[in-house]
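Single-structure report; data block below.
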Amino acid sequence: MPRLVAPVTAHAAFQKAARMFDLEWCPVPCDTDGSVRATELIGHLDDDVALVVVSAPAYPSGAMDPIGSVSDAASARGIPCHVDACFGGLALPWWPGAPVWDFRLPGVTSISADLHKFGYAPKGVSVLLHRGRAPHRAQFFATTGWPGYPVVNPTLLGSRSISPIAAAWAITRRLGAEGYRELTASCERATHRLVRAVDGIPGLAVQGRPMGPVLSLVADESVPSVRRVDPHHLTDALTRLGFMIQHQPGHTQSNGVRLPHSAHLTITPVTEQTAREFIVALQSAADAVRGRRPASPSPPSPRCGCWATASTAECPDRARPGRSCAASA
(Lines give C-alpha, C1' and ligand atoms only; values in the text may rest on other atoms or scores of the structure.)
Protein backbone atom coordinates (compact mmCIF):
# COMPACT_ATOMS: atom_id res chain seq x y z
CA MET A 1 0.00 0.00 0.00
CA PRO A 2 1.44 3.43 -0.93
CA ARG A 3 2.26 5.67 2.02
CA LEU A 4 1.60 9.30 2.86
CA VAL A 5 4.46 10.55 5.06
CA ALA A 6 4.08 13.67 7.21
CA PRO A 7 5.03 14.95 10.67
CA VAL A 8 2.60 14.19 13.49
CA THR A 9 1.82 17.93 13.52
CA ALA A 10 0.54 17.93 9.91
CA HIS A 11 -3.10 18.97 9.67
CA ALA A 12 -5.63 16.22 10.29
CA ALA A 13 -6.95 16.77 6.75
CA PHE A 14 -4.05 14.66 5.51
CA GLN A 15 -5.22 11.72 7.61
CA LYS A 16 -8.60 12.17 5.97
CA ALA A 17 -6.94 12.25 2.55
CA ALA A 18 -5.00 9.08 3.29
CA ARG A 19 -8.18 7.28 4.24
CA MET A 20 -10.06 8.63 1.22
CA PHE A 21 -7.40 7.55 -1.28
CA ASP A 22 -6.51 4.29 0.48
CA LEU A 23 -3.00 5.37 1.45
CA GLU A 24 -1.13 4.21 4.51
CA TRP A 25 -0.94 7.13 6.96
CA CYS A 26 2.65 7.42 8.23
CA PRO A 27 3.00 10.14 10.92
CA VAL A 28 6.61 10.88 11.88
CA PRO A 29 7.21 11.78 15.56
CA CYS A 30 8.26 15.30 16.51
CA ASP A 31 10.27 16.72 19.39
CA THR A 32 8.36 18.13 22.37
CA ASP A 33 8.77 21.66 21.01
CA GLY A 34 6.69 20.68 17.98
CA SER A 35 9.58 20.59 15.51
CA VAL A 36 10.43 17.58 13.36
CA ARG A 37 13.94 16.60 12.38
CA ALA A 38 14.73 16.43 8.68
CA THR A 39 16.58 13.15 9.16
CA GLU A 40 13.47 11.58 10.71
CA LEU A 41 11.27 12.52 7.77
CA ILE A 42 13.87 11.66 5.14
CA GLY A 43 14.39 8.26 6.78
CA HIS A 44 10.82 7.33 5.82
CA LEU A 45 11.16 8.25 2.12
CA ASP A 46 11.25 4.84 0.47
CA ASP A 47 10.01 3.63 -2.91
CA ASP A 48 6.47 3.06 -1.60
CA VAL A 49 5.92 6.72 -0.61
CA ALA A 50 3.26 8.43 -2.73
CA LEU A 51 3.59 11.85 -1.09
CA VAL A 52 5.48 13.63 1.66
CA VAL A 53 3.87 16.61 3.35
CA VAL A 54 5.58 19.45 5.23
CA SER A 55 3.98 22.48 6.88
CA ALA A 56 4.66 26.21 6.65
CA PRO A 57 4.09 26.46 9.55
CA ALA A 58 2.47 23.62 11.51
CA TYR A 59 -0.84 24.74 12.99
CA PRO A 60 -0.48 23.22 16.50
CA SER A 61 2.87 24.83 17.38
CA GLY A 62 3.80 27.30 14.64
CA ALA A 63 6.98 25.34 13.92
CA MET A 64 8.35 25.52 10.37
CA ASP A 65 9.10 22.06 9.07
CA PRO A 66 12.53 21.49 7.38
CA ILE A 67 11.07 22.05 3.94
CA GLY A 68 14.33 22.66 2.09
CA SER A 69 16.05 19.46 3.21
CA VAL A 70 12.98 17.29 2.85
CA SER A 71 12.02 18.61 -0.59
CA ASP A 72 15.58 18.07 -1.85
CA ALA A 73 15.56 14.49 -0.58
CA ALA A 74 12.10 13.85 -2.01
CA SER A 75 13.15 15.21 -5.41
CA ALA A 76 16.20 12.96 -5.47
CA ARG A 77 13.92 9.96 -4.88
CA GLY A 78 11.22 11.03 -7.34
CA ILE A 79 8.65 11.63 -4.58
CA PRO A 80 6.18 14.54 -4.76
CA CYS A 81 6.57 17.03 -1.89
CA HIS A 82 3.54 19.07 -0.83
CA VAL A 83 3.87 22.20 1.31
CA ASP A 84 0.81 22.82 3.47
CA ALA A 85 0.89 26.61 3.68
CA CYS A 86 -2.82 26.88 4.44
CA PHE A 87 -1.95 28.81 7.59
CA GLY A 88 1.13 30.76 6.53
CA GLY A 89 0.78 31.06 2.78
CA LEU A 90 -0.39 34.68 2.84
CA ALA A 91 1.67 35.80 5.84
CA LEU A 92 5.10 34.19 5.46
CA PRO A 93 5.96 36.03 2.20
CA TRP A 94 6.11 39.24 4.28
CA TRP A 95 7.32 37.75 7.57
CA PRO A 96 10.91 38.80 8.45
CA GLY A 97 13.32 35.91 8.77
CA ALA A 98 11.05 33.29 7.22
CA PRO A 99 13.06 30.57 5.44
CA VAL A 100 12.44 29.71 1.81
CA TRP A 101 9.46 27.35 1.67
CA ASP A 102 7.83 27.76 -1.76
CA PHE A 103 8.47 26.94 -5.42
CA ARG A 104 11.90 28.53 -5.19
CA LEU A 105 12.81 25.13 -3.76
CA PRO A 106 13.02 22.83 -6.81
CA GLY A 107 11.76 19.80 -4.87
CA VAL A 108 8.45 21.41 -3.89
CA THR A 109 5.78 20.07 -6.25
CA SER A 110 2.58 21.59 -4.80
CA ILE A 111 1.45 24.20 -2.27
CA SER A 112 -1.90 24.79 -0.57
CA ALA A 113 -2.99 28.08 1.00
CA ASP A 114 -6.23 29.26 2.62
CA LEU A 115 -7.51 32.67 1.60
CA HIS A 116 -9.90 32.63 4.55
CA LYS A 117 -6.99 32.87 6.98
CA PHE A 118 -4.45 35.60 6.31
CA GLY A 119 -5.96 36.39 2.94
CA TYR A 120 -8.81 37.91 5.02
CA ALA A 121 -11.43 36.42 2.68
CA PRO A 122 -14.62 34.51 3.58
CA LYS A 123 -14.40 30.81 4.32
CA GLY A 124 -14.78 28.48 1.40
CA VAL A 125 -11.87 29.68 -0.74
CA SER A 126 -8.50 27.93 -0.80
CA VAL A 127 -5.89 27.51 -3.49
CA LEU A 128 -3.88 24.50 -4.61
CA LEU A 129 -0.82 25.36 -6.68
CA HIS A 130 1.07 22.82 -8.80
CA ARG A 131 4.54 22.92 -10.28
CA GLY A 132 3.73 22.40 -13.95
CA ARG A 133 0.56 21.61 -15.85
CA ALA A 134 0.65 17.81 -15.78
CA PRO A 135 -0.32 17.38 -12.11
CA HIS A 136 -2.87 20.17 -12.47
CA ARG A 137 -4.59 18.36 -15.34
CA ALA A 138 -4.61 15.16 -13.32
CA GLN A 139 -6.84 16.70 -10.64
CA PHE A 140 -9.66 17.35 -13.15
CA PHE A 141 -12.56 14.98 -13.70
CA ALA A 142 -14.31 15.23 -17.06
CA THR A 143 -16.82 13.01 -18.78
CA THR A 144 -19.43 12.94 -21.52
CA GLY A 145 -20.30 9.36 -20.64
CA TRP A 146 -23.85 9.99 -19.53
CA PRO A 147 -27.00 11.38 -21.19
CA GLY A 148 -26.73 14.81 -19.60
CA TYR A 149 -24.44 17.76 -20.05
CA PRO A 150 -20.62 17.41 -20.18
CA VAL A 151 -19.27 17.35 -16.62
CA VAL A 152 -15.93 19.00 -15.80
CA ASN A 153 -14.89 19.25 -12.13
CA PRO A 154 -11.54 20.81 -11.18
CA THR A 155 -11.90 19.64 -7.55
CA LEU A 156 -13.68 16.96 -5.53
CA LEU A 157 -16.61 19.34 -5.17
CA GLY A 158 -19.03 19.76 -8.02
CA SER A 159 -21.17 22.86 -7.65
CA ARG A 160 -19.69 25.71 -5.64
CA SER A 161 -21.03 29.09 -4.63
CA ILE A 162 -19.44 31.97 -6.50
CA SER A 163 -20.00 34.43 -3.64
CA PRO A 164 -16.91 33.58 -1.51
CA ILE A 165 -14.76 33.28 -4.63
CA ALA A 166 -15.85 36.71 -5.87
CA ALA A 167 -15.32 38.19 -2.41
CA ALA A 168 -11.83 36.67 -2.18
CA TRP A 169 -10.95 38.06 -5.61
CA ALA A 170 -12.14 41.53 -4.61
CA ILE A 171 -10.31 41.47 -1.26
CA THR A 172 -7.00 40.31 -2.68
CA ARG A 173 -7.23 42.90 -5.45
CA ARG A 174 -8.07 45.65 -2.97
CA LEU A 175 -5.32 44.81 -0.50
CA GLY A 176 -2.56 43.93 -2.95
CA ALA A 177 0.99 43.13 -1.89
CA GLU A 178 1.38 46.36 0.06
CA GLY A 179 -1.83 45.79 1.99
CA TYR A 180 -0.77 42.29 2.96
CA ARG A 181 2.64 43.64 3.95
CA GLU A 182 1.05 46.14 6.33
CA LEU A 183 -1.35 43.59 7.84
CA THR A 184 1.46 41.08 8.31
CA ALA A 185 3.59 43.74 9.98
CA SER A 186 0.75 44.31 12.47
CA CYS A 187 0.61 40.57 13.18
CA GLU A 188 4.38 40.47 13.65
CA ARG A 189 4.37 43.34 16.14
CA ALA A 190 1.55 41.75 18.12
CA THR A 191 3.24 38.36 18.11
CA HIS A 192 6.52 39.72 19.45
CA ARG A 193 4.65 41.73 22.09
CA LEU A 194 2.82 38.63 23.29
CA VAL A 195 6.03 36.58 23.35
CA ARG A 196 7.64 39.20 25.58
CA ALA A 197 4.58 39.18 27.83
CA VAL A 198 4.59 35.38 28.15
CA ASP A 199 8.32 35.42 28.90
CA GLY A 200 7.49 37.61 31.91
CA ILE A 201 4.79 35.28 33.30
CA PRO A 202 6.24 32.71 35.73
CA GLY A 203 5.27 29.13 34.93
CA LEU A 204 4.12 29.81 31.35
CA ALA A 205 6.12 29.41 28.14
CA VAL A 206 5.85 29.61 24.38
CA GLN A 207 6.26 26.19 22.80
CA GLY A 208 9.35 25.93 20.61
CA ARG A 209 10.32 28.62 18.13
CA PRO A 210 7.22 29.49 16.10
CA MET A 211 7.43 31.21 12.75
CA GLY A 212 4.53 33.41 11.73
CA PRO A 213 1.40 34.75 13.42
CA VAL A 214 0.81 31.84 15.78
CA LEU A 215 1.79 30.92 19.33
CA SER A 216 1.28 27.78 21.38
CA LEU A 217 1.39 28.26 25.16
CA VAL A 218 2.56 25.43 27.42
CA ALA A 219 3.42 24.99 31.08
CA ASP A 220 7.05 25.87 31.83
CA GLU A 221 8.55 22.52 32.82
CA SER A 222 11.76 24.19 34.01
CA VAL A 223 10.11 25.50 37.20
CA PRO A 224 8.64 23.56 40.15
CA SER A 225 5.10 22.28 39.66
CA VAL A 226 3.74 24.72 42.25
CA ARG A 227 4.75 27.58 39.92
CA ARG A 228 3.55 26.13 36.62
CA VAL A 229 0.59 27.49 34.69
CA ASP A 230 -1.47 24.77 33.04
CA PRO A 231 -2.52 26.02 29.57
CA HIS A 232 -6.02 24.52 29.71
CA HIS A 233 -6.79 26.04 33.10
CA LEU A 234 -5.36 29.27 31.69
CA THR A 235 -7.70 29.08 28.70
CA ASP A 236 -10.73 28.55 30.94
CA ALA A 237 -9.74 31.51 33.13
CA LEU A 238 -9.25 33.71 30.06
CA THR A 239 -12.72 32.79 28.80
CA ARG A 240 -14.19 34.07 32.05
CA LEU A 241 -12.30 37.33 31.44
CA GLY A 242 -13.75 37.70 27.95
CA PHE A 243 -10.96 36.26 25.77
CA MET A 244 -11.25 32.93 23.96
CA ILE A 245 -8.20 30.94 22.89
CA GLN A 246 -8.10 27.33 21.77
CA HIS A 247 -7.46 24.21 23.87
CA GLN A 248 -5.12 21.70 22.21
CA PRO A 249 -5.09 18.24 23.83
CA GLY A 250 -1.52 17.24 22.99
CA HIS A 251 -0.62 13.85 21.56
CA THR A 252 1.26 10.73 22.63
CA GLN A 253 3.38 9.65 19.66
CA SER A 254 4.35 6.19 18.51
CA ASN A 255 7.78 6.54 20.14
CA GLY A 256 6.20 7.30 23.52
CA VAL A 257 7.14 10.98 23.46
CA ARG A 258 4.16 13.13 24.37
CA LEU A 259 3.58 16.51 22.79
CA PRO A 260 2.22 18.59 25.68
CA HIS A 261 -1.31 19.89 25.85
CA SER A 262 -1.32 23.57 25.05
CA ALA A 263 -3.28 26.71 24.26
CA HIS A 264 -3.28 27.95 20.66
CA LEU A 265 -3.27 31.62 19.70
CA THR A 266 -3.77 32.77 16.13
CA ILE A 267 -2.50 36.35 15.89
CA THR A 268 -4.34 38.80 13.61
CA PRO A 269 -4.24 42.58 13.12
CA VAL A 270 -7.09 42.80 15.64
CA THR A 271 -4.71 41.32 18.22
CA GLU A 272 -2.49 44.39 18.04
CA GLN A 273 -5.47 46.63 18.75
CA THR A 274 -6.45 44.63 21.84
CA ALA A 275 -2.98 43.52 22.95
CA ARG A 276 -2.87 45.65 26.11
CA GLU A 277 -6.20 44.35 27.43
CA PHE A 278 -5.34 40.78 26.45
CA ILE A 279 -1.96 40.86 28.20
CA VAL A 280 -3.56 42.16 31.40
CA ALA A 281 -6.11 39.34 31.21
CA LEU A 282 -3.37 36.80 30.44
CA GLN A 283 -1.38 37.84 33.50
CA SER A 284 -4.47 37.81 35.70
CA ALA A 285 -5.57 34.38 34.44
CA ALA A 286 -2.09 32.94 34.97
CA ASP A 287 -2.01 34.24 38.55
CA ALA A 288 -5.42 32.68 39.18
CA VAL A 289 -4.47 29.16 38.07
CA ARG A 290 -0.76 28.97 38.86
CA GLY A 291 0.12 25.79 40.73
CA ARG A 292 -3.16 24.03 40.01
CA ARG A 293 -2.95 20.34 39.18
CA PRO A 294 -2.55 19.94 35.39
CA ALA A 295 -5.66 19.31 33.35
CA SER A 296 -6.01 15.76 32.02
CA PRO A 297 -7.21 16.01 28.42
CA SER A 298 -8.29 12.75 26.81
CA PRO A 299 -5.47 11.98 24.36
CA PRO A 300 -6.13 10.62 20.87
CA SER A 301 -5.31 6.97 20.22
CA PRO A 302 -1.53 6.72 19.68
CA ARG A 303 -2.13 4.19 16.90
CA CYS A 304 -4.41 6.02 14.53
CA GLY A 305 -4.91 9.51 15.96
CA CYS A 306 -8.69 9.33 16.17
CA TRP A 307 -10.81 9.93 19.25
CA ALA A 308 -12.32 6.43 19.36
CA THR A 309 -10.38 4.52 22.02
CA ALA A 310 -12.92 2.18 23.58
CA SER A 311 -13.12 -0.58 21.00
CA THR A 312 -12.12 -1.58 17.50
CA ALA A 313 -15.74 -1.21 16.44
CA GLU A 314 -15.54 2.55 16.97
CA CYS A 315 -12.47 3.12 14.83
CA PRO A 316 -12.21 1.85 11.23
CA ASP A 317 -8.40 1.80 11.29
CA ARG A 318 -8.26 -0.35 14.41
CA ALA A 319 -10.30 -2.98 12.63
CA ARG A 320 -8.04 -2.98 9.56
CA PRO A 321 -4.65 -4.56 10.27
CA GLY A 322 -1.82 -2.94 8.37
CA ARG A 323 -3.70 0.30 7.87
CA SER A 324 -1.43 2.38 10.07
CA CYS A 325 2.22 2.96 9.23
CA ALA A 326 4.92 1.22 11.22
CA ALA A 327 5.86 4.64 12.54
CA SER A 328 2.52 4.85 14.32
CA ALA A 329 1.81 1.21 15.18
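Worth saying up front: this structure is predicted, and the values here are computed from it rather than measured.
Under the 4.0 Å criterion applied to side-chain N and carboxylate O atoms, Arg292 and Asp230 are not assigned as salt-bridge partners. Under the 4.0 Å criterion applied to side-chain N and carboxylate O atoms, Arg37 and Asp31 are assigned as salt-bridge partners. Of the charged side-chain nitrogens involved, none lies within less than 4.0 Å of a carboxylate oxygen, so that Arg227 and Asp220 do not count as a salt-bridged pair.
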### Message
Between Ile267 and Val214, does the side chain to side chain contact (heavy atoms under 4.5 Å, CB included) criterion hold? Intermediate values first, please.
### Response
CA-CA 6 Å; Ile267 315 301; Val214 56; 5.8 Å; no
### Message
For a side chain to side chain contact (heavy atoms under 4.5 Å, CB included) check, start with the C-alpha distance between Val8 and His251, then their side-chain angles and the critical distance, and finish with the verdict.
### Response
CA-CA 9 Å; Val8 164; His251 182 68; 3.4 Å; yes
### Task
Please assess Val36 against Cys30 for the test side chain to side chain contact (heavy atoms under 4.5 Å, CB included), listing each intermediate value before the final yes or no.
CA-CA 4 Å; Val36 65; Cys30 297; 3.8 Å; yes
### Query
Can you list the steps and then say if Val108 with Ile111 is a side chain to side chain contact (heavy atoms under 4.5 Å, CB included)?
CA-CA 8 Å; Val108 171; Ile111 299 172; 3.8 Å; yes
### Task
Show your working on ring pair (Phe, Tyr, Trp, His ring centres under 6.0 Å) between His136 and Phe140 and close with a plain yes or no.
CA-CA 7 Å; His136 185 213; Phe140 279 74; 5.2 Å; yes
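Using a 4.5 Å heavy-atom cutoff, the side chains of Cys187 and Pro269 are in contact. At a threshold of 4.5 Å between non-hydrogen side-chain atoms, the residues Glu182 and Trp94 do not count as touching. Taking the side chain as every heavy atom from C-beta outward, Phe141 and Val151 approach each other to under 4.5 Å. Side chains of Phe118 and Leu92 form no contact here, defined as non-hydrogen atoms less than 4.5 Å apart. Using a 4.5 Å heavy-atom cutoff, the side chains of Pro2 and Val49 are not in contact. Between Phe103 and Leu105 the shortest side-chain heavy-atom distance does not fall below 4.5 Å. Side-chain contact between Leu259 and Gln253 is present, with at least one heavy-atom pair separated by less than 4.5 Å. The shortest side-chain heavy-atom distance between Val5 and Val53 does not fall under the 4.5 Å cut-off.
Going from atom OG of Ser55 over to atom CZ of Phe14 covers 6.5 Å, rounded to the nearest 0.5 Å. Taken from OG1 in Thr184 to CH2 in Trp95, the straight-line distance is 7.5 Å, to the nearest 0.5 Å. Separating the OG1 atom in Thr239 from the CE atom in Met244 is a distance of 5.0 Å, to the nearest 0.5 Å. Rounding to the nearest 0.5 Å gives a distance of 12.5 Å between CG of Asp65 and CE of Met211. We find the NZ-CZ distance between Lys16 and Phe21 to be 10.5 Å, quoted to the nearest 0.5 Å. Taking CG of Leu282 as the start and CG of Leu194 as the end, the distance is 7.5 Å to the nearest 0.5 Å.
At least one donor-acceptor pair closer than 3.5 Å links the side chain of Arg290 to the backbone N or O of Pro202. Arg160 contributes a side-chain N or O that, together with a main-chain N or O of Gly124, makes up a donor-acceptor pair within less than 3.5 Å. With hydrogens and angles ignored, the 3.5 Å screen pairs no side-chain donor or acceptor of Gln15 with any backbone N or O of Trp25. Between the side chain of Thr271 and the backbone N or O of Thr268 there is at least one donor-acceptor pair closer than 3.5 Å. Ser69 contributes no side-chain N or O that, together with a main-chain N or O of Pro66, makes up a donor-acceptor pair within less than 3.5 Å. Under a 3.5 Å cut-off, the side chain of Asn255 and the backbone N or O of Val257 do form a donor-acceptor pair. Side chain of Asp46 to backbone of Asp48: no donor-acceptor contact under 3.5 angstrom is found. Between the side chain of His233 and the main chain of Val229, no donor-acceptor pair closer than 3.5 Å is present.
In this structure, Tyr180 is a member of the same hydrophobic cluster as Val127, with clusters built from ILVMFWY side-chain heavy atoms closer than 4.5 Å. Under the 4.5 Å side-chain heavy-atom criterion for Ile, Leu, Val, Met, Phe, Trp and Tyr, Tyr120 and Leu265 are members of distinct hydrophobic clusters. Each of Trp101 and Leu90 belongs to its own hydrophobic cluster when Ile, Leu, Val, Met, Phe, Trp and Tyr are linked at side-chain heavy-atom distances under 4.5 angstrom. Follow the hydrophobic side-chain contacts under 4.5 Å out from Ile279 and you reach Leu238 in the same cluster.
Side-chain contact, Gln207 with Ser61: no donor N or O sits under 3.5 Å from an acceptor N or O. Counted by atom type alone, Arg131 and Thr109 present zero donor-acceptor pairs between their side chains at under 3.5 Å. Checked by atom type, the side-chain pair Thr266/His264 shows a donor-acceptor distance below 3.5 Å. In this model, no donor atom of one side chain and acceptor atom of the other lie less than 3.5 Å apart for Gln248 and His232.
Closest heavy-atom contact between Thr235 and Ile245: CG2-O, 3.2 Å.
Annotation for Tyr149: atom OH does not count as buried by contact number, only 12 or fewer foreign heavy atoms lying within 6.0 Å.
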Show which side-chain atoms of residues 79-87 pair as donor or acceptor with protein atoms under 3.5 Å away, not counting sequence neighbours.
| residue | atom | partner | partner atom | Å |
| --- | --- | --- | --- | --- |
| His82 | ND1 | Ser110 | O | 3.4 |
| His82 | ND1 | Ser110 | OG | 2.7 |
| His82 | NE2 | Ser112 | OG | 3.0 |
| Asp84 | OD1 | Cys86 | N | 3.1 |
| Asp84 | OD1 | Ser112 | OG | 3.4 |

Sequence neighbours left out, cut at 3.5 Å: what donor-acceptor pairs do the side chains of residues 163-179 make with other protein atoms?
| residue | atom | partner | partner atom | Å |
| --- | --- | --- | --- | --- |
| Thr172 | OG1 | Ala168 | O | 2.9 |
| Thr172 | OG1 | Trp169 | O | 3.0 |
| Glu178 | OE1 | Arg181 | NE | 3.4 |

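Grouped by direct or indirect side-chain proximity (heavy atoms under 4.5 Å, Ile/Leu/Val/Met/Phe/Trp/Tyr only), Val270 sits alone.
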